[in-house]
Number of protein chains: 2
Amino acid sequence: MITSPLLTIDNVLFTVHDGILKVLMVKRSIEPYSGLWSLPGGIVDPATDTSTEDTALRKLREKAGVKPNYLEQLEVFSGHDRDPRGFTVTIVYYALIGYQQAEVHIHTVDDAEWVSLPQIAQLNLAFDHKKIINVALERLRQKTLYSMVPVFCLPSLFTISDLKQVIETIIEKPIQRKSLMRRVEASGMFEEVDEKAATGKRMAQLYKLKDNFNIVNFERNLSF
Amino acid sequence: MITSPLLTIDNVLFTVHDGILKVLMVKRSIEPYSGLWSLPGGIVDPATDTSTEDTALRKLREKAGVKPNYLEQLEVFSGHDRDPRGFTVTIVYYALIGYQQAEVHIHTVDDAEWVSLPQIAQLNLAFDHKKIINVALERLRQKTLYSMVPVFCLPSLFTISDLKQVIETIIEKPIQRKSLMRRVEASGMFEEVDEKAATGKRMAQLYKLKDNFNIVNFERNLSF
DNA sequence: TCATTAAATGTCTCAACGACACTTTTAATA
DNA sequence: TATTAAAAGTGTCGTTGAGACATTTAATGA
């Protein structure tokens, strides 16, 4: 008889704040790796969860009180080396949220924190979480080149410049405002609002996501 | 204490034969769904497998004696409804192989068979395998638009026409020979062989994959 | 009033794909 | 041996959507 391996989920929740890409990390309070920073995740519980996506959302709620705007499966990581308890399997999700939406809750607890990527590079993380974050980052970057997923890092009202900055932060390259506006128009996802934002000098048009929008995939990547 | 759910893997192994896209199916001999066709998969065994990818390869070997040319994680399917035994989780891989490479072994057993997609649509499959196949197909089609993955359905030597036919079979749309040749050249994956194939009238140049090739992703999709 | 600055738009060029006509090759057949 | 048909492969043009860059618009403050 085969016993099922320990099955967990992990979330890589990204946000962008002030031109910095951040990942939500939680401090572990139990062994193994107690005291180290790790991704917010946990054990899949067949008694309460209707699916593993359900587990992912539950863990984000329990550990940081947040509900992401976007959640997608990344991939499964497994092996004997990733956990001292032996062979384990973790289903990893990556998710996006606006900084403002999550800020409050996270500041009330001291074991959850937004951590920038350079900081992560210097930390000693639990399990293979550093590797997982890098894979998630790569996927997010790739997806940013052919879709509008970065909007899920924005508040409900935003300007083209806000969107541009989030995209540039994620892919770490400048893009043409013109190219972005073409995509905003072509996607049909956005709606102009009767309001302008005084971000800089000339007031910028505010946009919101349409009520029933489809997330569009473009046929070309942004390139450089 | 939480008990881990039953964890399985399933493979959607595709091949193209004579202009028909086929999926490898195996007949179940145990409950549940005994006697029905299903995807070749099974239970992850921590005692023998070093990773879930390892499980996927092992199951393809055991059930059909094949070693795919390409294997990639699709996604995880989970829930209470997909298996009468309760909450289960299956990690699905999709894979590609040349028809010739697999033909022999599969013909020696009567519980493994290549099944075309129209046939699958009419069959009653075990679990949620019909849905899984459709998701895998969608992914394969998408990937075919921006990469050269279909080469993994070909034998070691092949012509441009062979490649063209495989691509057209997968995406169910005709493509321009010229566009394909541009991509073959741009990819740098291919090498002309000192040999020609007498497929039709004029003999066609044979190609092979370079010894150390990288699978290239193009920045645009093929379009119509 | 006018300079400044950022938002928004207009125009140019470039790269890659689709379309399609055209040339080349080779086996079958007259 | 010449002809022909079909598939392999090439040349070229139009389209599309990207980046680059200039221009116009609008708000602010000197």
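Letters A, B, ... mirror the listed sequences (proteins, then strands); counts begin at 1. Excluded from the calculations below are hydrogen atoms, water molecules and symmetry mates; all remaining heavy atoms, backbone and side chain alike, are included. Quick caveat, the model's predicted, so the values are computed rather than measured.
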- From CD1 (B/I91) to CG (A/L7), nearest 0.5 Å: 7.5 Å
- Item | Phosphate-side-chain proximity, B/Q176 and C/dA19, N/O vs OP1/OP2 below 4.0 Å | yes
- Task: For B/K143, check side-chain contact (heavy atoms from CB on, under 4.5 Å) against everything at least two apart and list the hits.
- Result: B/Y70, B/E72, B/Y94, B/Y146, B/S147, B/V149
- Under 3.5 Å, is there a donor-acceptor pair between the A/T159 and A/D162 side chains? yes
- Can you name the residues that form a ring-ring contact (aromatic ring centres under 6.0 Å, His included) with A/Y207, not counting sequence neighbours? none
- Query: A/K196 NZ to C/dA6 P: how many Å, rounded?
  - Reply: 17 Å
- Mind checking ring-ring contact (aromatic ring centres under 6.0 Å, His included) for A/F127 and listing every partner two or more places apart, or none if nothing turns up? A/Y33, A/H129
- Between C/dA8 (C1') and A/E192 (CD): distance, integer Å: 11 Å
- Query: Less than 4.0 Å between a side-chain N and a carboxylate O, is that true for B/K27 and B/D111?
  - Reply: no
- Message: Under the rule for side-chain contact (heavy atoms from CB on, under 4.5 Å), what residues qualify as partners of B/L123, not counting sequence neighbours?
- Response: B/W37, B/V115, B/L125
- Output every pair passing side chain to side chain donor-acceptor pair (under 3.5 Å) with a member in residues 118-127 of chain A, not counting sequence neighbours, ordered by first then second residue. A/S116-A/Q119
- Query: Rounded to whole angstrom units, what separation is found between the CD atom of A/Q165 and the P atom of C/dA7?
  - Reply: 11 Å
Show each protein N/O and nucleotides 11-14 of chain D N/O combination with a separation under 3.5 Å, one pair to a line.
residue, atom, partner, partner atom, Å
D/dG11, N7, B/K178, NZ, 2.6

- Should the pair B/E172-B/R141 be classified as a salt bridge under the 4.0 Å nitrogen-to-oxygen rule? yes
- Ranking B/L180 and A/M181 by the position along DNA chain C of their nearest nucleotide, the one closer to 5' is A/M181
- Could you encode protein contacts along nucleotides 1-7 of chain D as a string, one character per nucleotide from 5' to 3', using B for base contact, S for sugar-phosphate-only contact and - for no contact, with a heavy-atom cut-off of under 4.0 Å? -----BB
- Message: In whole Å, I'd like the distance from the CG atom of B/L163 to the P atom of D/dA8.
- Response: 12 Å
- Message: I need the residues from residues 217-224 of chain B with at least one non-hydrogen atom less than 4.0 Å from DNA chain C; give them sorted by number, or say none.
- Response: B/R220, B/L222, B/S223
- Message: Near DNA chain C, counting only heavy atoms under 4.0 Å, which residues of residues 143-159 of chain B show up?
- Response: none
- Here the distance between atom C1' of C/dA7 and atom CG of A/D162, to the nearest Å, is 13 Å
- Query: Can you pull the ring-ring contact (aromatic ring centres under 6.0 Å, His included) pairs that have at least one residue in residues 154-187 of chain A, sequence neighbours excluded?
  - Reply: A/F158-A/F190
- Query: What residues, two or more places apart in sequence or in another chain, satisfy side-chain contact (heavy atoms from CB on, under 4.5 Å) together with A/R177?
  - Reply: A/I160, A/S161, A/K164, A/M181
- Note on the structure: By side-chain contact (heavy atoms from CB on, under 4.5 Å), B/T8 pairs with (sequence neighbours left out) B/L6, B/D10, B/I43, B/T90
- Item | Nearest-nucleotide 5' precedence on DNA chain C, B/M203 against A/Y207 | A/Y207
- Task: Apply side-chain contact (heavy atoms from CB on, under 4.5 Å) to A/L209 and A/M189, showing your working.
- Result: CA-CA 6 Å; A/L209 288 168; A/M189 292 170 59; 3.9 Å; yes
